[in-house]
Trainee: 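Attaching a single structure in structure tokens format; questions to follow.
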There are 4 protein chains.
Amino acid sequence: MSHNSFGHLFRFTSWGESHGPAIGCVVDGTPARIPLLEKDIQHWLDRRKPGQNRFTTQRQEPDEVKILSGVFEDPETGEQVTTGTPISLHIENTDQRSKDYSDIKDSYRPGHADFTYTEKYGIRDYRGGGRQSARETATRVAAGAIARKILPDVSIIGSLVQMGPHAINRDNWHDAVIDENPFWCPDKEAAAMWEDYLDGVRKAGSSCGAIIEVTAKNVPVGLGAPIYGKLDADLANAMMSINAVKGVEIGEGFAAAALSGEMNADEMSASKTTDKSAPEFSSNHAGGILGGISTGQDITLRFAVKPTSSILTPRKTITASGEETEIITKGRHDPCVGIRAVPVGEAMMAIVLADHYLRNRGQNG
Amino acid sequence: MSHNSFGHLFRFTSWGESHGPAIGCVVDGTPARIPLLEKDIQHWLDRRKPGQNRFTTQRQEPDEVKILSGVFEDPETGEQVTTGTPISLHIENTDQRSKDYSDIKDSYRPGHADFTYTEKYGIRDYRGGGRQSARETATRVAAGAIARKILPDVSIIGSLVQMGPHAINRDNWHDAVIDENPFWCPDKEAAAMWEDYLDGVRKAGSSCGAIIEVTAKNVPVGLGAPIYGKLDADLANAMMSINAVKGVEIGEGFAAAALSGEMNADEMSASKTTDKSAPEFSSNHAGGILGGISTGQDITLRFAVKPTSSILTPRKTITASGEETEIITKGRHDPCVGIRAVPVGEAMMAIVLADHYLRNRGQNG
Amino acid sequence: MSHNSFGHLFRFTSWGESHGPAIGCVVDGTPARIPLLEKDIQHWLDRRKPGQNRFTTQRQEPDEVKILSGVFEDPETGEQVTTGTPISLHIENTDQRSKDYSDIKDSYRPGHADFTYTEKYGIRDYRGGGRQSARETATRVAAGAIARKILPDVSIIGSLVQMGPHAINRDNWHDAVIDENPFWCPDKEAAAMWEDYLDGVRKAGSSCGAIIEVTAKNVPVGLGAPIYGKLDADLANAMMSINAVKGVEIGEGFAAAALSGEMNADEMSASKTTDKSAPEFSSNHAGGILGGISTGQDITLRFAVKPTSSILTPRKTITASGEETEIITKGRHDPCVGIRAVPVGEAMMAIVLADHYLRNRGQNG
Amino acid sequence: MSHNSFGHLFRFTSWGESHGPAIGCVVDGTPARIPLLEKDIQHWLDRRKPGQNRFTTQRQEPDEVKILSGVFEDPETGEQVTTGTPISLHIENTDQRSKDYSDIKDSYRPGHADFTYTEKYGIRDYRGGGRQSARETATRVAAGAIARKILPDVSIIGSLVQMGPHAINRDNWHDAVIDENPFWCPDKEAAAMWEDYLDGVRKAGSSCGAIIEVTAKNVPVGLGAPIYGKLDADLANAMMSINAVKGVEIGEGFAAAALSGEMNADEMSASKTTDKSAPEFSSNHAGGILGGISTGQDITLRFAVKPTSSILTPRKTITASGEETEIITKGRHDPCVGIRAVPVGEAMMAIVLADHYLRNRGQNG
């Protein structure tokens with residue numbers, strides 16, 4: 001019932017504030033003897049790292065992860081592997097310009113959790129948002145790197161499918177394009193258009209939202225459990241826990257409401273392979289989950305990220321003592337936080353799947 | 001880590017299959033000395049009860065709830081009140097026409113969990129869908145009735161805001177209208193139109209989806225906790241766990257992606273009341289939650305229900321032994337299961353809020 | 001974090017008061033397709049059932065268990081088996097002489113939880129002790145019957161090794177004797193002596209305590225996990241949760257304090273079997289658990305039960321309003337509640353092992 | 001369901017191996033605005049620190065704790081206080097003589113978890129025992145220091161009441177003596193005698209066990225909850241989770257078995273104070289807990305620690321490949337690990353009480 005832990009058999013506990021000495025997490029429940037080096041985790045952290053282009057915050061954090069526990073040399077291979085004990089991951093905060101935030105010490109930034117933290121706790125670490133900062137998501141990406149190792153056959157791909165009001169054209173979708181632009185956008189033309197759009201947003205001191213899509217391929221059948229261990233419900237929880245997320249949908253999602261039962265049915269035909277447990281589905285409106293349990297089809301979900309709340313345009317607000325004022329958030333901010341949410345969404349997908357994989361093996365081994 | 005329990009300090013565990021002798025739940029963590037009679041729960045069950053008009057399943061279940069434990073006469077008032085011990089709620093299944101389902105024993109209904117249950121467990125209770133039946137949601141409504149008692153000042157109102165492709169006109173919204181039509185529709189004109197539309201759907205042997213909106217008013221500030229105890233993440237989990245739900249959004253939801261930071265900011269001005277902790281917000285794009293913590297504004301969410309999978313139109317599928325076949329689901333089904341999801345969504349909102357109310361009191365007393 | 005649930009992957013939630021309409025529990029996490037009939041559970045309940053001889057309470061409860069959910073006919077064998085969904089067990093209370101307890105309505109019985117329940121909750125169901133009654137342990141025995149089915153090769157044997165001040169002579173231990181006397185005593189001579197002793201205790205309106213030993217044989221190596229999932233720590237929790245238990249020890253237990261390191265060492269020699277993972281141990285001071293993980297040796301533990309608090313000798317106490325008074329507990333009580341704790345201790349052992357078996361399979365499957 | 005976390009609302013997650021770069025823990029659920037400096041934690045760590053006299057391991061660890069998150073300056077007082085977010089505690093391992101352990105790499109030390117870790121995980125960090133090392137208990141002491149701050153009025157005192165076969169004389173008990181000898185012994189004469197005794201044990205290359213008693217004074221009434229949230233059951237779990245502990249008892253403990261019901265009854269008389277909720281008890285056989293709930297009396301428990309398994313006397317064992325061999329554990333070890341278990345037992349008592357204090361406030365606030 002910890003507020004800072006996620007998962008059950010595969011479970012991680014995150015800690016740290018934006019401008020404290022470090023952030024990190026403890027990853028518990030990883031099976032033993034899985035090869036794990038720091039660079040395996042660093043690979044995914046680097047994808048999320050800020051300051052890589054003009055569209056993300058200019059904060060320069062190397063985000064170097066250290067593994068402080070839970071690994072040892074394998075008795076047979078000599079490789080560094082997991083031991084089944086908790087893995088402590090540690091990332092120093094190196095670029096903390098605390099002075100940037102001194103003017104928001106006493107005022108509540110609209111759209112941020114300044115007001116609610118203060119009301120709930122009577123105190124908040126205002127430096128860079130403290131615990132509410134998206135900096136915490138680095139620990140999710142690190143934990144997600146370990147989760148991926150538990151399900152080596154599963155591949156998870158996130159991408160941005162809408163920036164502000166501009167959606168991609170799905171006919172232009174190419175997986176290979178995703179890594180070739182700063183937006184994880186699968187549509188080359190949309191990516192080009194977004195570049196101009198986002199420059200405009202940034203120059204106007206404004207911000208925009210985004211929609212992210214995450215797909216998991218090659219997921220085993222049978223992950224998730226009725227009724228309150230449903231895979232889709234846990235995914236919804238996972239995605240909604242990411243900073244600034246306001247909506248989650250699985251498969252057809254909200255559009256399913258407008259479909260007829262006939263249209264929405266994913267019909268089945270006999271498997272063309274020798275694997276009886278993998279029928280052919282005519283479609284995947286369900287997004288790979290039926291009754292809370294994975295079908296073996298691709299799991300697809302989307303989540304919506306609101307526009308970055310830190311903007312250069314002044315907004316009305318109040319101070320902690322109830323005085324009316326205006327606020328501009330200077331700092332170093334992403335005009336579209338949705339971009340950096342892509343690797344975070346991938347990580348949370350990996351974490352949920354790894355947890356359910358272990359849970360399923362436990363109950364139905 | 002139980003798969004059939006929901007919540008933490010306020011926690012309920014549900015059990016039962018559609019065509020077993022009974023369904024029920026155990027509600028744990030209710031504070032002591034809260035007045036509780038069976039009729040307090042029955043009131044909400046009756047709202048959900050099927051067979052009340054031609055638009056919901058004709059299954060006739062009185063759904064009479066019995067309280068088997070956890071209540072006793074109050075030492076001072078003599079009223080029946082909670083005692084702080086677990087409350088066992090019991091609802092008999094009285095109208096189980098098992099024969100209706102014999103033809104689906106060996107075939108997987110598209111859109112249902114027949115395939116996934118069988119793959120995961122090697123067995124499924126096929127009578128009326130067994131555990132995957134929406135009948136389980138009666139226990140949620142019963143638990144929700146107790147949850148409401150923990151937060152007596154909070155009012156929770158659910159309504160249908162879209163049926164199939166037909167959304168309401170929000171300018172026509174009147175709370176009073178919601179209870180005056182069979183759809184919990186706040187827009188009188190839409191309700192009239194839906195009546196014809198749904199008759200058509202039903203006569204065509206088809207089905208349609210829906211979008212439900214649930215609002216909680218008068219919610220205390222400070223419910224929910226960062227990072228993995230966020231109120232919105234728990235609400236997303238709760239709603240996505242309801243049968244047939246494919247999407248959840250809070251406040252502005254998916255539409256937030258298309259807004260600018262300026263537009264999406266909920267500006268604050270000084271409270272007009274003496275209560276410093278309740279500033280005036282200019283808007284509620286956030287849906288009453290910032291950083292995972294309630295702001296004191298109305299909490300608003302929407303969830304999408306897919307079209308009923310049980311339809312009279314034949315669909316292609318396979319049998320458990322891998323043969324191709326076609327299937328029609330006869331039984332007694334709702335053409336739009338979204339209608340009956342309204343009270344279930346309300347109940348889950350109440351359950352999440354009650355749990356977080358107790359959790360918040362525990363950590364921040 | 002429910003107060004009335006026990007276990008993680010194998011988890012049961014109990015409910016019910018001594019004099020309510022029924023008691024029961026929900027057993028969650030049982031793997032699918034395990035044969036399970038009511039009589040499989042009834043077998044163990046009958047062992048615990050009161051009123052079987054003059055040494056246990058004369059309350060006459062048939063304690064007939066009903067399975068309300070979670071079972072169905074196996075698709076291959078046609079047997080009734082588990083389905084992987086929650087199993088609801090229901091036991092009616094049939095012999096509730098509420099009048100016996102009316103005089104303790106306002107006074108706190110020493111040694112009972114009357115005072116603490118009232119202080120904590122402001123209310124207590126005083127009929128037969130309500131929720132604090134040992135009647136709740138029937139649900140543990142029922143859940144334990146299912147737990148045993150998850151580990152069919154493990155055998156669990158409980159016995160009474162001390163009644164009041166009178167310990168058995170371990171040289172006289174014969175497993176076969178345990179079922180041949182009303183005390184589950186493995187020492188025939190001690191059992192004979194205890195019969196006279198307990199008659200004396202009963203006639204004097206007094207009561208006595210007991211020490212119970214529970215052994216699990218044929219336990220797989222590897223159950224339990226460091227640091228806060230230790231098998232022995234979970235067993236200590238389980239046993240201490242039984243009514244009237246005041247101490248728990250594993251293996252050598254408290255006596256280990258007086259041993260030297262050489263004496264306490266369980267030396268190992270090469271396995272005489274082909275199973276490399278089962279070395280020969282020269283002794284079992286550890287009680288089958290090292291570092292919180294099972295060694296494959298017998299798991300042995302003992303727990304101490306205090307003398308029954310309900311006695312016919314008057315004791316000083318106070319009323320709920322603070323007046324001094326004396327109290328005699330009439331009712332129908334066991335002079336030695338430790339006797340009926342034997343099957344309960346066995347059940348809790350089974351439950352803990354089953355849970356850890358599933359957890360181990362999950363993490364290390 | 002994490003294996004390395006303890007507690008519910010107040011919850012800590014520990015990580016680290018004896019000879020890794022560091023150990024630490026994340027403490028979650030601490031209420032906000034509690035003053036907390038590193039020195040507040042250091043105070044308790046210093047009590048546990050090894051190498052302080054010739055009776056504990058000569059390993060020289062400064063055990064300097066760093067707070068990496070969860071604290072900030074209080075908006076009113078300017079003091080460093082908790083913020084309600086997770087507190088990450090970090091202790092470097094500075095004196096890791098890994099070479100001492102190279103000879104036990106392939107052999108299983110009797111009484112240690114070498115065999116069980118290897119069987120369960122297929123790997124173990126053999127350096128200094130890795131995760132099974134008592135070094136982990138430093139993190140418990142650190143977490144316990146925070147727990148104490150949640151219940152500032154409660155005082156918790158641990159002491160050694162038996163070393164090897166030599167128990168204290170309770171008539172000689174003086175609290176003030178506890179801190180004046182290297183054993184936390186409340187009996188001056190026993191302490192003097194133990195000094196000689198333990199010198200003999202150490203010189204003989206042997207080891208001895210101990211019994212520790214922990215008392216909590218000024219505990220609020222009402223902590224703990226039936227049936228599976230009992231305070232005594234959670235304390236039993238907590239103490240049994242400490243390295244080398246083989247038994248736990250509350251109040252009268254195992255001796256209660258030999259008492260009559262009359263003798264064991266803690267009679268009540270009217271409170272001599274104005275506080276109606278605090279009757280006078282004639283005795284405290286119950287150890288301050290009835291029905292799993294605190295009575296307001298002192299909570300007293302004892303736990304037994306087995307003799308240190310690492311001894312200089314050769315013991316028979318096998319290697320990982322099944323060869324028979326003998327083993328001597330050189331390293332730097334305590335002849336009586338029970339001494340250093342005293343502050344650990346205190347810490348676990350504090351942690352359990354703090355957790356139940358928050359849980360009680362949540363459910364019954």
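Letters A, B, ... are given to chains in the order of the sequence lines, protein chains preceding strands, and every chain is numbered from 1. Just so it is clear, the values below take in all heavy atoms, side chains as well, and ignore hydrogens, waters and symmetry mates.
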Trainee: Can Glu326(A) and Lys316(A) be counted as an ion pair, charged N to O under 4.0 angstrom?
Mentor: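 So Glu326(A) does not pair with Lys316(A) through a salt bridge.
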Trainee: Looking at Gly253(B), Gly251(B), Gly291(B), Pro220(B), which one has more heavy-atom pairs under 4.5 Å with chain A than the rest?
Mentor: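 Greatest number of close heavy-atom pairs with chain A: Gly253(B).
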Trainee: Assess whether salt bridge (Lys or Arg N to Asp or Glu O under 4.0 Å) is satisfied between Glu252(A) and Lys246(B), documenting all intermediate values.
Mentor: CA-CA 7 Å; Glu252(A) 202 64 46; Lys246(B) 301 305 288 181; over 6 Å; no
Trainee: Select one option (side chain, backbone, both, neither) describing which atoms of Asn360(A) are under 4.5 Å from chain B's heavy atoms.
Mentor: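 Interface part for Asn360(A): both.
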Trainee: Heavy-atom distances under 4.5 Å only: say whether Ile311(A) touches chain B with side chain, backbone, both or neither.
Mentor: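 Answer is side chain: those atoms of Ile311(A) sit under 4.5 Å from chain B.
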Trainee: Who among Arg359(B), Glu262(B), Glu136(B), Met263(B) has the most heavy-atom pairs with chain A under 4.5 Å?
Mentor: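 Highest number of heavy-atom pairs under 4.5 Å: Glu262(B).
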Trainee: Just by distance, no angles: are the side chains of Asp266(A) and Ser283(A) close enough, under 3.5 Å, to form a donor-acceptor pair?
Mentor: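 Looking only at side-chain atoms, Ser283(A) and Asp266(A) do form a donor-acceptor pair, the distance falling under 3.5 Å.
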Trainee: Between Lys230(B) (side chain only) and Gly292(B) (backbone N and O only), is there a donor and an acceptor less than 3.5 Å apart?
Mentor: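 Side chain of Lys230(B) to backbone of Gly292(B): no pair is present.
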Trainee: Any idea which of Gly247(B), Pro226(B), Ser269(B) has the most non-hydrogen atom pairs under 4.5 angstrom with chain A?
Mentor: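 Result: the option with the highest number of such pairs is Pro226(B).
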Trainee: Please identify, among Ala113(B), Ala258(B), Cys208(B), the residue contributing the most non-hydrogen atom pairs under 4.5 Å to chain A.
Mentor: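 Most pairs with chain A among the choices: Ala258(B).
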Trainee: Tell me, out of Lys306(A), His8(A), Arg315(A), who's got the most heavy-atom pairs with chain B below 4.5 Å.
Mentor: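 With the most close heavy-atom pairs to chain B, the winner is Arg315(A).
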Trainee: Taking side chain as everything from C-beta outward and backbone as N, CA, C, O, which of these in Ile327(A) sits under 4.5 Å from a heavy atom of chain B? Side chain, backbone, both or neither.
Mentor: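 Neither part.
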Trainee: If we define contacts as heavy-atom pairs under 4.5 Å, which of Gly164(B), Pro307(B), Ala304(B) has the most with chain A?
Mentor: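 Of the candidates given, the most pairs with chain A belong to Pro307(B).
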Trainee: Examine whether an atom of Asn364(A) lies under 4.5 Å from a heavy atom of chain B, and if so say whether it belongs to the side chain, the backbone or both; otherwise answer neither.
Mentor: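 For Asn364(A), side-chain heavy atoms alone lie under 4.5 Å from chain B.
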Trainee: Under the side-chain contact (heavy atoms from CB on, under 4.5 Å) test against Glu324(B), which residue among Ile318(B), Thr317(B), Thr319(B) passes?
Mentor: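 Of Ile318(B), Thr317(B), Thr319(B), side-chain contact (heavy atoms from CB on, under 4.5 Å) with Glu324(B) is met by Ile318(B) alone.
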Trainee: Salt bridge or not for Asp355(B) and Arg11(B), using N-O below 4.0 Å?
Mentor: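 Looking at Arg11(B) together with Asp355(B), the answer is no, because their closest N to O distance does not fall below 4.0 Å.
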Trainee: Only pairs of heavy atoms separated by less than 4.5 Å count here; which of Glu267(A), Met239(A), Met240(A), His285(A) has the most with chain B?
Mentor: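 Highest number of heavy-atom pairs under 4.5 Å: Glu267(A).
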Trainee: Show the numbers, then the answer: is there a side chain to side chain donor-acceptor pair (under 3.5 Å) between Ser14(B) and Arg131(B)?
Mentor: CA-CA 10 Å; Ser14(B) 92; Arg131(B) 183 75 179 145; 2.8 Å; yes
Trainee: Out of Ala204(A), Ala286(A), Gly205(A), which one racks up the most heavy-atom pairs below 4.5 Å with chain B?
Mentor: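 Of Ala204(A), Ala286(A), Gly205(A), Ala286(A) has the most heavy-atom pairs under 4.5 Å with chain B.
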Trainee: Between the side chain of Ser133(B) and the main-chain N/O of Gly129(B), is any donor-acceptor distance below 3.5 Å?
Mentor: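 Side chain of Ser133(B) to backbone of Gly129(B), a donor-acceptor pair under 3.5 Å: no, none is there.
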Trainee: So, the side chain of Asn264(B) versus the backbone of Leu259(B): is there a donor-acceptor pair under 3.5 Å, distance only?
Mentor: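 No; zero donor-acceptor contacts below 3.5 Å.
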Trainee: Does one side chain, of Thr308(A) or Ser310(A), offer a donor that lies under 3.5 Å from an acceptor on the other?
Mentor: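 No, because no side-chain N or O of Thr308(A) sits under 3.5 Å from a partner of the opposite role on Ser310(A).
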Trainee: Using non-hydrogen atoms only, which part of Ala210(A) is less than 4.5 Å away from chain B: side chain, backbone, both, or neither?
Mentor: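 Just its backbone gets close to chain B.
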Trainee: Using a 4.5 angstrom heavy-atom cutoff, name the option from Gly224(B), Gly111(B), Gly229(B), Ser241(B) with the most pairs to chain A.
Mentor: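 Result: the option with the highest number of such pairs is Ser241(B).
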Trainee: Quick check on Ser5(B) against chain A: is it the side chain, the backbone, both or neither that has a heavy atom closer than 4.5 Å?
Mentor: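 Backbone of Ser5(B) only, per the 4.5 Å heavy-atom cut-off to chain A.
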Trainee: Sort Ser309(A) into side chain, backbone, both or neither according to what part of it lies under 4.5 angstrom from a heavy atom of chain B.
Mentor: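 It is neither, since no heavy atom gets under 4.5 Å.
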Trainee: Quick check on Ile289(A) against chain B: is it the side chain, the backbone, both or neither that has a heavy atom closer than 4.5 Å?
Mentor: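 Only the backbone of Ile289(A) comes within 4.5 Å of chain B.
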Trainee: Using the benzene-type ring in the case of Trp, are the ring centres of Tyr228(A) and His3(B) under 6.0 Å apart?
Mentor: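 For Tyr228(A) and His3(B), the ring centres are not under 6.0 Å apart.
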Trainee: Could you check whether Glu249(B) pairs with Arg302(B) (Lys NZ or Arg NE/NH1/NH2 to Asp/Glu carboxylate O, under 4.0 Å)?
Mentor: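 Salt bridge between Glu249(B) and Arg302(B), a charged N being under 4.0 Å from a carboxylate O: yes.
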Trainee: Under a 4.5 Å heavy-atom cut-off, does chain B meet the side chain of Phe303(A), its backbone, both or neither?
Mentor: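 For Phe303(A), backbone heavy atoms alone lie under 4.5 Å from chain B.
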Trainee: Chain B heavy atoms under 4.5 Å from Ser294(A): which part of the residue, side chain, backbone, both or neither?
Mentor: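 For Ser294(A), backbone heavy atoms alone lie under 4.5 Å from chain B.
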Trainee: Where does His166(A) contact chain B at under 4.5 Å (heavy atoms): side chain, backbone, both or neither?
Mentor: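 Neither part.
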Trainee: So which part of Gln363(A) gets closer than 4.5 Å to some heavy atom of chain B, the side chain, the backbone, both or neither?
Mentor: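 Contact with chain B involves the side chain of Gln363(A) alone.
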Trainee: In terms of heavy-atom proximity below 4.5 Å to chain A, should Ile242(B) be classed as side chain, backbone, both, or neither?
Mentor: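 It is the backbone, since no side chain atom gets that close.
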Trainee: For the pair Gln132(A) and Asp125(A), evaluate side chain to side chain donor-acceptor pair (under 3.5 Å) and give the outcome as yes or no after the intermediate values.
Mentor: CA-CA 9 Å; Gln132(A) 52 166 306; Asp125(A) 181 345; over 6 Å; no
